[in-house]
S.K.: 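Would you mind keeping the following structure in view while I ask a few things?
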Amino acid sequence: QVQLVESGGGSVQSGGSLRLSCAASGYTYTIDRMGWFRQAPGKEREGVACIDSGGRISYAESVKGRFTISQDNAKNTMYLEMNSLNPEDAAMYFCAATYNPRRTVVAGRVDLCGGIFPYWGQGTHITVSS
């Protein structure tokens, strides 16, 4: 089992920045990929950014150039640096992890946020005021 705990959410004005952290514990050596997902009220959950154990990264088109995912393997912690936030970024953000090495290909590109992620954090809420 893997346990995930997010931190760093909150409220910010449009154009502002936030940094999320996700601390993993338990059988972390089994993790193949980790990622950030978000869900806004009335919308489906979407993958925001994901990273695999080799450091490869996938971003949603809507956050490319604004968000940066990273991981500190020594601390078993993943981060999401979010800049130029806008009201469309407001959502509950979840950290997730999977041991499944199978990759999902969408439109010819590997989507590291694809597939089943069995481990999830409790979520952290982000609001962005215009």
Side-chain angles (χ1 to χ4, degrees):
Q1 292 291 326
V2 173
Q3 295 78 43
L4 303 171
V5 178
E6 303 100 334
S7 60
S11 298
V12 65
Q13 288 190 330
S14 186
S17 299
L18 283 173
R19 188 194 197 203
L20 302 182
S21 299
C22 173
S25 60
Y27 295 152
T28 57
Y29 62 90
T30 66
I31 295 174
D32 175 77
R33 285 170 288 148
M34 294 183 71
W36 292 97
F37 296 76
R38 67 186 180 186
Q39 188 166 20
K43 294 186 177 181
E44 292 187 357
R45 186 178 65 199
E46 65 170 335
V48 175
C50 292
I51 186 168
D52 70 11
S53 56
R56 288 169 286 269
I57 292 171
S58 291
Y59 289 106
E61 286 296 324
S62 59
V63 306
K64 280 184 178 178
R66 301 188 298 122
F67 290 12
T68 302
I69 188 172
S70 62
Q71 60 188 2
D72 184 333
N73 293 326
K75 296 182 179 180
N76 289 324
T77 301
M78 176 179 65
Y79 305 97
L80 185 67
E81 188 75 36
M82 303 181 291
N83 298 313
S84 301
L85 285 161
N86 59 62
E88 289 69 41
D89 296 315
M92 185 70 80
Y93 282 70
F94 298 90
C95 166
T98 181
Y99 47 76
N100 187 354
R102 187 171 183 178
R103 296 292 184 261
T104 299
V105 178
V106 178
R109 301 182 68 176
V110 174
D111 179 10
L112 294 176
C113 293
I116 297 174
F117 282 69
Y119 305 117
W120 291 84
Q122 80 285 356
T124 185
H125 196 235
I126 291 177
T127 58
V128 183
S129 57
S130 57

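Scope of the values below: all heavy atoms of this structure, side chains included, with no hydrogens, waters or symmetry mates.
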S.K.: When rounded to the nearest 0.5 angstrom, what distance separates CG in Leu85 from CD in Gln13?
M.R.: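 Taking CG in Leu85 and CD in Gln13, the distance rounds to 11.5 Å.
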S.K.: Are Tyr119 and Tyr93 linked, directly or through other ILVMFWY residues, by side chains that come within less than 4.5 angstrom of each other?
M.R.: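 Shared cluster, yes.
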S.K.: Using a 6.0 Å cut-off, check whether atom NZ of Lys64 has over 12 heavy atoms from anything other than its own residue.
M.R.: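 Counting neighbours around NZ of Lys64, more than 12 heavy atoms of other residues, nucleotides or ligands fall under 6.0 Å, so yes.
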S.K.: A side-chain contact here means heavy atoms from C-beta on lying under 4.5 Å apart; do Cys22 and Met34 qualify?
M.R.: yes
S.K.: List the steps and the verdict of side-chain contact (heavy atoms from CB on, under 4.5 Å) for Cys50 and Trp36.
M.R.: CA-CA 6 Å; Cys50 292; Trp36 292 97; over 6 Å; no
S.K.: Return the minimal non-hydrogen interatomic distance between Met92 and His125, and the atom names on each side.
M.R.: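 Scanning both residues, the minimum pair turns out to be SD-N, 3.6 Å.
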S.K.: Within the side chain of Ser14, is there an N or O that forms a donor-acceptor pair under 3.5 Å with the backbone of Pro87?
M.R.: no
S.K.: Could you tell me whether a side-chain N or O of Gln71 sits under 3.5 Å from a main-chain N or O of Asp52, the two making a donor and an acceptor?
M.R.: yes
S.K.: Is it the case that the side chain of Arg19 and the backbone of Gly8 share a donor-acceptor pair, with hydrogens and angles ignored and the cut-off at 3.5 Å?
M.R.: no
S.K.: Would you indicate whether Gln1, at its atom CD, is surrounded by more than 12 heavy atoms from other residues, nucleotides or ligands within a distance under 6.0 Å?
M.R.: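 No, the 6.0 Å shell around CD holds no more than 12 heavy atoms from other groups.
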S.K.: Starting from Val48, can I reach Val12 by hopping between I/L/V/M/F/W/Y residues whose side chains sit under 4.5 Å apart?
M.R.: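 Yes.
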S.K.: Hey, what do you get for OH (Tyr59) to SG (Cys113), rounding to the nearest 0.5 Å?
M.R.: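 SG of Cys113 is found 10.5 Å from OH of Tyr59.
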S.K.: In terms of hydrophobic clustering (I, L, V, M, F, W, Y; side-chain heavy atoms under 4.5 Å; direct or indirect links), are Phe94 and Ile51 co-clustered?
M.R.: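 No, Phe94 and Ile51 fall in different hydrophobic clusters.
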S.K.: Check whether the ring centres of Phe37 and Phe117 lie less than 6.0 Å apart, and answer yes or no.
M.R.: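 Yes; Phe117 has its ring centre under 6.0 Å from that of Phe37.
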S.K.: Do Ile57 and Phe67 sit in one hydrophobic cluster, given that two such residues count as connected whenever their side-chain heavy atoms are within less than 4.5 Å of each other, even indirectly?
M.R.: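 Both belong to a single hydrophobic cluster.
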S.K.: Keeping the roles fixed (side chain from Glu6, backbone from Gln122), state whether a donor-acceptor pair exists under 3.5 Å.
M.R.: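 Pair found, side chain donor or acceptor close to backbone of Gln122.
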S.K.: Give the minimum heavy-atom separation between Thr98 and Ile116, together with the two atoms involved.
M.R.: OG1-O, 3.0 Å
S.K.: Under a 3.5 Å threshold, yes or no: a donor from one side chain and an acceptor from the other, between Ser11 and Thr127?
M.R.: yes
S.K.: Looking only at side chains, do Asn83 and Ser17 share a donor and an acceptor under 3.5 Å apart?
M.R.: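 The answer is yes; a qualifying pair exists.
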S.K.: Report yes or no: do Ile126 and Leu80 belong to one cluster of Ile/Leu/Val/Met/Phe/Trp/Tyr joined by side chain heavy-atom distances under 4.5 Å?
M.R.: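 Result: yes, single cluster for both.
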S.K.: Without swapping roles, check the side chain of Thr77 against the backbone of Asp72 for a donor-acceptor pair under 3.5 Å.
M.R.: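 No; judged by distance alone, with no hydrogens or angles, the pair does not exist.
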S.K.: Against Met78, only a single residue in Leu4, Ile31, Leu20, Ile69 fulfils side chain to side chain contact (heavy atoms under 4.5 Å, CB included); can you say which?
M.R.: Ile69
S.K.: Please walk me through it: do Arg38 and Glu46 pass side-chain contact (heavy atoms from CB on, under 4.5 Å)?
M.R.: CA-CA 6 Å; Arg38 67 186 180 186; Glu46 65 170 335; 2.6 Å; yes
S.K.: Work out which heavy atom in Pro118 is nearest to a heavy atom in Ala97; give both atom names and the distance.
M.R.: CD-O, 3.4 Å
S.K.: Using a 6.0 Å cut-off, check whether atom OH of Tyr99 has over 12 heavy atoms from anything other than its own residue.
M.R.: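 No, not enclosed.
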S.K.: Working to the nearest 0.5 Å, report the span between OG of Ser53 and CG of Asn73.
M.R.: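 CG of Asn73 is found 8.5 Å from OG of Ser53.
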S.K.: Nearest 0.5 Å, what's the CZ-CZ distance between Arg56 and Arg33?
M.R.: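 One gets 11.0 Å once the value is rounded to the nearest 0.5 Å.
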